[in-house]
There are 2 protein chains.
Amino acid sequence: MSPRSGRRPGSEDTKAEILAVARRLFAQRGYRETTLRDIGAAAGVDPSLVSHYFQCKERLFSVALEVPLVPAEILDLLRGGDPSRAGERVIRLFLRLWEGPPTREPLLAMLRSAVSDDRARELLASFLGAAVVEPVGTVLEGAERELRATLVGSQLVGLAVARYLLCIEPLASADPERLVAWIAPTLQAYLAG
Amino acid sequence: MSPRSGRRPGSEDTKAEILAVARRLFAQRGYRETTLRDIGAAAGVDPSLVSHYFQCKERLFSVALEVPLVPAEILDLLRGGDPSRAGERVIRLFLRLWEGPPTREPLLAMLRSAVSDDRARELLASFLGAAVVEPVGTVLEGAERELRATLVGSQLVGLAVARYLLCIEPLASADPERLVAWIAPTLQAYLAG
DNA sequence: CGCGTAATTCATCAACTGATGAATTATAAC
DNA sequence: GTTATAATTCATCAGTTGATGAATTACGCG
């Protein structure tokens, strides 16, 4: 009787939904603790369908990691406009990326997995190197340019970890404008030397 | 013939060595990716011996996490001495803890596991809350005391992640004194308001 | 309608995990 | 010396994981 298996009527783009669910779970729990069965269950789908669409878990993960951030954007941000406000522009871009769920989830997944998975760590490190440290470093002037660029990165990573990952109060619920007010000067100090 | 099983001659304090190995592996790979078999192998010992000494993996982990840091120490650090140098004292204590392997490893393990494991995350969050944010918050003066305390925490966590966990250059190899020079003013700004 | 193709589930595999209880051996106490 | 005790390994379990191949069903095109 009850036809359990076989194609389901209607319900198009299950693949996209699987990806969305995977992204959410990877962001919440990281790579290792997210199982294909979890993803399947959360998507209301057999786990093997996940394997079917994305071959293996790693490939699904790498697809889920794709982050909509162009390094060039950061460079423009630094060069354009008032140099004495570069720090403010950077923290604003950062918050804009992290406050929006569609961009936050891949970032969270990346961060969360980078600390336990070596591949993800190298991915994030090289991403940060190419997307932040290097461009920022070349734009800066004065001594210790690259060190200062990584210091900017350290404050931003720390904010991401404390606010979005560990959810430490009251930082986690603080108004973004308050964060801009406090952190912009820090970044500005690192940027200006 | 070859007596494989049974007690080994000599070789005292295997338990301590197992713990040391576990600490190292937990720090390197985090909780989930460190298997009891890995620990046993690295300690040159049967995996079941690990279970025997520490009952279960979680208990071993919690023992490995014990971190030699008294919250009161931080309070004294803030209150004692020149208030305009409190930031410098904080970053110096922080670096002292992280530069020494015996204290770095539990901290790294804690940090690494906190991002993927919920129990470890709550552990770290409550630890940070009780050991850093709250004491620091009560000592501070002016508006947004607690937010500023967590901002201090965010810069420190970011430094730990970027330097010791992701190993982003040139921050990872930078001379501690350089870090003090750059970061002390940041912390001072958060502390002083 | 009939047929190919894509979507989906089912059953199942081998590998690995943490844990347990029994068995074996060295050390310490008497 | 005998004996209790602690140290250590072995064999083994049940659970979970990612992956695969076959089977079942719906859709689209002719």
Side-chain angles (χ1 to χ4, degrees), chain A residues 1-23 25-26 28-65 109 113 116-120, chain B residues 1-23 25-26 28-65 109 113 116-120:
Chain A
M1 309 296 153
S2 52
R4 313 279 291 275
S5 117
R7 179 173 190 166
R8 292 301 135 95
S11 80
E12 203 37 51
D13 67 357
T14 322
K15 183 176 178 180
E17 201 192 322
I18 290 179
L19 179 57
V21 164
R23 208 165 245 152
L25 291 186
F26 280 141
Q28 279 172 3
R29 320 181 189 170
Y31 180 76
R32 203 61 170 266
E33 357 282 324
T34 303
T35 163
L36 290 186
R37 284 169 168 82
D38 289 345
I39 297 175
V45 124
D46 190 273
S48 67
L49 191 58
V50 184
S51 291
H52 176 254
Y53 277 130
F54 298 93
Q55 286 79 54
C56 61
K57 190 186 178 186
E58 250 185 279
R59 199 182 301 268
L60 168 59
F61 183 62
S62 77
V63 173
L65 277 194
S113 319
S116 49
D117 188 84
D118 265 354
R119 278 181 304 267
Chain B
M1 312 302 151
S2 52
R4 312 281 291 275
S5 119
R7 180 174 188 165
R8 292 300 136 93
S11 79
E12 203 36 53
D13 66 358
T14 322
K15 183 176 179 180
E17 200 192 322
I18 290 178
L19 178 57
V21 164
R23 207 165 247 152
L25 292 186
F26 280 141
Q28 280 172 2
R29 321 181 189 171
Y31 180 76
R32 203 62 169 266
E33 358 281 325
T34 302
T35 163
L36 290 186
R37 285 169 167 81
D38 289 345
I39 298 175
V45 125
D46 190 274
S48 68
L49 191 58
V50 183
S51 291
H52 176 255
Y53 277 130
F54 298 92
Q55 286 80 54
C56 62
K57 191 186 177 185
E58 251 186 278
R59 199 181 302 268
L60 168 60
F61 184 61
S62 77
V63 173
L65 277 194
S113 317
S116 49
D117 188 83
D118 264 355
R119 277 181 305 268

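Order of the sequence lines sets the chain letters (A, B, ...), proteins ahead of strands, with each chain counted from 1. Because only heavy atoms are used, hydrogens play no part in the values below, and waters and symmetry mates are left out as well, while side chains stay in.
- Between B:Arg29 atom CZ and C:dT17 atom P the separation is 10 Å, expressed in whole Å.
- Between A:Phe61 and A:Phe26, the ring-plane angle classifies as perpendicular under the 30° and 60° cut-offs.
- To the nearest 0.5 Å, atoms CG (B:Leu60) and CZ (B:Arg23) are separated by 9.5 Å.
- For A:Leu36 against A:Ser51, the heavy-atom pair with the smallest separation is CD1-OG, 3.6 Å.
- Here the P atom of nucleotide D:dA6 and the CG atom of B:Leu49 are 14 Å apart, to the nearest Å.
- A sub-4.0 Å separation between OP1 or OP2 of D:dT8 and a side-chain N or O of B:Tyr53 is present.
- Within the 3.5 Å criterion, the main-chain N or O of A:Thr34 finds no donor-acceptor partner in the side chain of A:Arg29.
- Following rounding to the nearest Å, B:Glu17 (CD) and D:dT8 (C1') show an atom-to-atom distance of 14 Å.
- For the atom pair CG (A:Leu49) and CD1 (A:Ile18), the distance works out to 4.5 Å, reported to the nearest 0.5 Å.
- To the nearest 0.5 Å, atoms NZ (A:Lys57) and OG (A:Ser62) are separated by 13.0 Å.
- Across the protein-nucleic acid pair, B:Phe61 atom CZ and C:dA19 atom P stand 14 Å apart, rounded to whole Å.
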Restricting both atoms to N or O, compile the protein contacts to nucleotides 17-20 of chain D shorter than 3.5 Å, with distance only.
residue, atom, partner, partner atom, Å
D:dG18, OP1, A:Lys57, NZ, 2.9
D:dG18, OP2, A:Thr35, OG1, 2.5
D:dG18, OP2, A:Leu36, N, 2.9
D:dG18, N7, A:Arg37, NH1, 2.7
D:dG18, O6, A:Arg37, NH2, 3.1
D:dA19, OP2, A:Lys57, N, 2.9

